[in-house]
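Each remark here refers to the structure printed beneath this line.
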2 protein chains.
Amino acid sequence: MDYEQAYALNRALRTIGMRHRLLAATELNRLGLSIGQESLIMELAKQGPRTQAQLATAAGCEPPTITSAVQKLEALGLVSRHPSTEDRRATVVELTTEGEALLEGLSAAWIHLAESTVAGLSRTRVEDLIEALADLAASLETASRDLDPRRLT
Amino acid sequence: MDYEQAYALNRALRTIGMRHRLLAATELNRLGLSIGQESLIMELAKQGPRTQAQLATAAGCEPPTITSAVQKLEALGLVSRHPSTEDRRATVVELTTEGEALLEGLSAAWIHLAESTVAGLSRTRVEDLIEALADLAASLETASRDLDPRRLT
DNA sequence: TTGATATAGTTAGATGCCTAACTATATCAA
DNA sequence: TTGATATAGTTAGGCATCTAACTATATCAA
């Protein structure tokens with residue numbers, strides 16, 4: 001790849017990351033949440049109670065990030081934590097009734113975020129974009145996994 | 001847009017942002033840099049001496065982020081700062097000889113980053129991807145600008 | 001000329017993410 | 001059974017980014 005292409009690609013990805021995160025934070029703030037918390041809530045809604053290790057894998061972030069996020073969600077009353085009966089090292093997290101009450105608003109916010117994100121597209125179809133982004137996300141997962149010998153699975 | 005599409009889009013963008021940033025940080029660490037600094041160095045290389053306000057606009061981040069990044073680059077000896085002769089509020093930043101000496105390695109690192117990023121694509125052509133990402137970046141810029149009344153230009 | 005407003009930059013403080021280092025528990029082979 | 005190793009979670013500390021609030025200088029209209 002030549003430098004011009006590389007520059008355009010990296011620059012677009014930096015912009016996209018920062019701007020989408022900013023828009024997401026704005027949507028979530030309206031619900032009293034901050035970024036990252038939504039991925040845990042959605043995962044718990046979809047899968048039911050999960051250990052923190054499972055949440056880390058699902059959210060694609062490291063255990064300390066989960067520790068901190070779960071503590072904040074617990075303080076908000078949106079999740080509860082209890083020790084696993086099967087593995088005494090593990091902590092199981094689950095949505096509270098209050099947490100479940102947030103789901104509807106969260107879905108709406110997430111749709112609104114996605115619509116704002118693509119509202120200004122001028123020459124790309126949304127379905128094509130989603131397809132390309134899923135492919136890219138998978139490629140980047142592979143590249144990151146190769147980076148870190150701990151994550152060889 | 002339905003929820004499934006919105007979820008797929010937002011999730012892919014979150015993953016892409018985090019993973020590309022991680023890979024970028026790894027490349028930059030090899031050069032003794034951290035993330036964000038490269039965008040300032042590249043802008044100074046391309047445009048010549050710039051005020052911090054110009055750098056903020058070019059990098060797409062807020063003035064305090066520039067203050068901090070420029071201070072670190074100055075401590076590393078890669079840029080120098082001097083008051084503008086035209087506007088006594090402004091500070092002009094420029095690359096030092098040591099900063100210029102980094103450019104070659106930085107270009108190589110940026111090409112390597114882009115190649116790792118797309119290495120695992122299975123069904124998307126690189127040129128199509130870059131085109132779609134540029135379109136998306138522009139769309140997100142518009143959406144963010146609309147968000148913040150201060151940035152009405 | 002002055003007074004209101006806008007702009008350049010900094011400081012302070014917050015957030016989410018990371019790595020490194022640690023404790024406690026599990027697992028598996030000798 | 002025991003000893004090495006792997007895994008679950010936490011704590012401490014660092015990074016880039018943000019917003020809010022501030023100082024100093026510019027600009028422009030009354």
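Convention: sequence-line order gives letters A, B, ...; per-chain numbering from 1. Quick caveat: nothing in here was measured; it's all calculated off a predicted structure.
Here B:Q52 does not reach the OP1 or OP2 of C:dT7: none of its side-chain N or O atoms lies under 4.0 Å away. Contact annotation: B:R88 does not reach the phosphate of D:dA24 (side-chain N/O to OP1 or OP2, under 4.0 Å). The phosphate of D:dC15 (OP1 or OP2) has no side-chain N or O of B:K72 nearer than 4.0 angstrom. Residue A:T51 places no side-chain N or O under 4.0 Å from the OP1 or OP2 atom of D:dA8. Between A:T65 and C:dC18 there is a side-chain N or O to OP1 or OP2 distance below 4.0 Å. For the pair B:R19 and C:dC17, the criterion of a side-chain N or O lying under 4.0 Å from OP1 or OP2 is not met.
Closest to the A:C61 side chain, of the nucleotides D:dT10, C:dC18, D:dT17, is C:dC18. Taking every side-chain heavy atom of B:T91 into account, C:dG9 is the closest of C:dG9, D:dT17, C:dT19. Nearest to the side chain of B:R81, among C:dT10, D:dT10, C:dT25, sits C:dT10. Closest to the A:R89 side chain, of the nucleotides D:dC18, C:dA24, C:dA8, is C:dA24. Looking at the side chain of B:D87, the nearest of the listed nucleotides D:dG9, C:dC18, D:dA26 is D:dA26. Looking at the side chain of B:Q37, the nearest of the listed nucleotides D:dG9, D:dC18, D:dA16 is D:dA16. With D:dT19, D:dT10, C:dT19 as the candidates, the nucleotide lying closest to the side chain of A:E62 is C:dT19.
Remark: P of D:dT19 and CD1 of B:I66 are 13 Å apart, rounded to the nearest angstrom. For B:L23 and C:dC17, the CG to P distance is 17 Å, given to the nearest whole Å. The distance from atom NE2 of B:H20 to atom P of D:dA16 is 17 Å, rounded to the nearest whole Å. The interatomic distance linking B:R21 (CZ) with C:dT15 (C1') rounds to 12 Å, in whole Å. Nucleotide D:dG14 holds its C1' atom 17 Å from the CG atom of B:L33, rounded to whole Å. Straight-line distance from the CG atom of B:N29 to the P atom of D:dG14: 15 Å, rounded to whole Å. Protein atom NE2 of B:H82 is 16 Å distant from nucleotide atom C1' of C:dA8, rounded to whole Å.
Under the Watson-Crick or G-U wobble criterion, with both distances below 3.5 Å, D:dT11 is paired with C:dA20. As the counterpart of C:dT25, D:dA6 is assigned, both hydrogen-bonding distances of the Watson-Crick or G-U wobble pattern falling under 3.5 Å.
Of the residues near DNA chain C, A:P64 and A:E86, the one whose nearest nucleotide (by heavy atom distance) lies more toward the 5' end is A:P64. For the pair A:S68 and A:M18, nearest-nucleotide mapping onto DNA chain D gives the more 5' position to A:S68. Checking A:R14 against A:Q54, the closest nucleotide of DNA chain D that is more toward the 5' end is the one next to A:Q54. For the pair B:T67 and A:I35, nearest-nucleotide mapping onto DNA chain C gives the more 5' position to B:T67.
Between B:A6 and A:W110, the shortest heavy-atom contact is CB-O, 3.7 Å. A pairwise comparison of heavy atoms in B:G32 and B:L76 identifies O-CD1, 4.1 Å as the closest pair. Here the closest heavy-atom approach between residue A:A59 and residue A:I66 is recorded as CB-CD1, 4.5 Å. Pairing each heavy atom of B:L31 with each of B:A109, the nearest pair is CD1-CB, 4.0 Å.
With salt bridges taken as basic N to acidic carboxylate O contacts below 4.0 Å, none links A:E94 and A:R50.
The line from OG1 of B:T15 to CG of A:L136 is 10.0 Å long, rounded to the nearest 0.5 Å.
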Begin from the C-alpha positions of A:S80 and A:H82 and carry the test side-chain contact (heavy atoms from CB on, under 4.5 Å) through to its verdict.
CA-CA 7 Å; A:S80 62; A:H82 33 266; 4.1 Å; yes
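B:Q71 comes within 4.0 angstrom of the backbone, heavy atoms only, and of no base.
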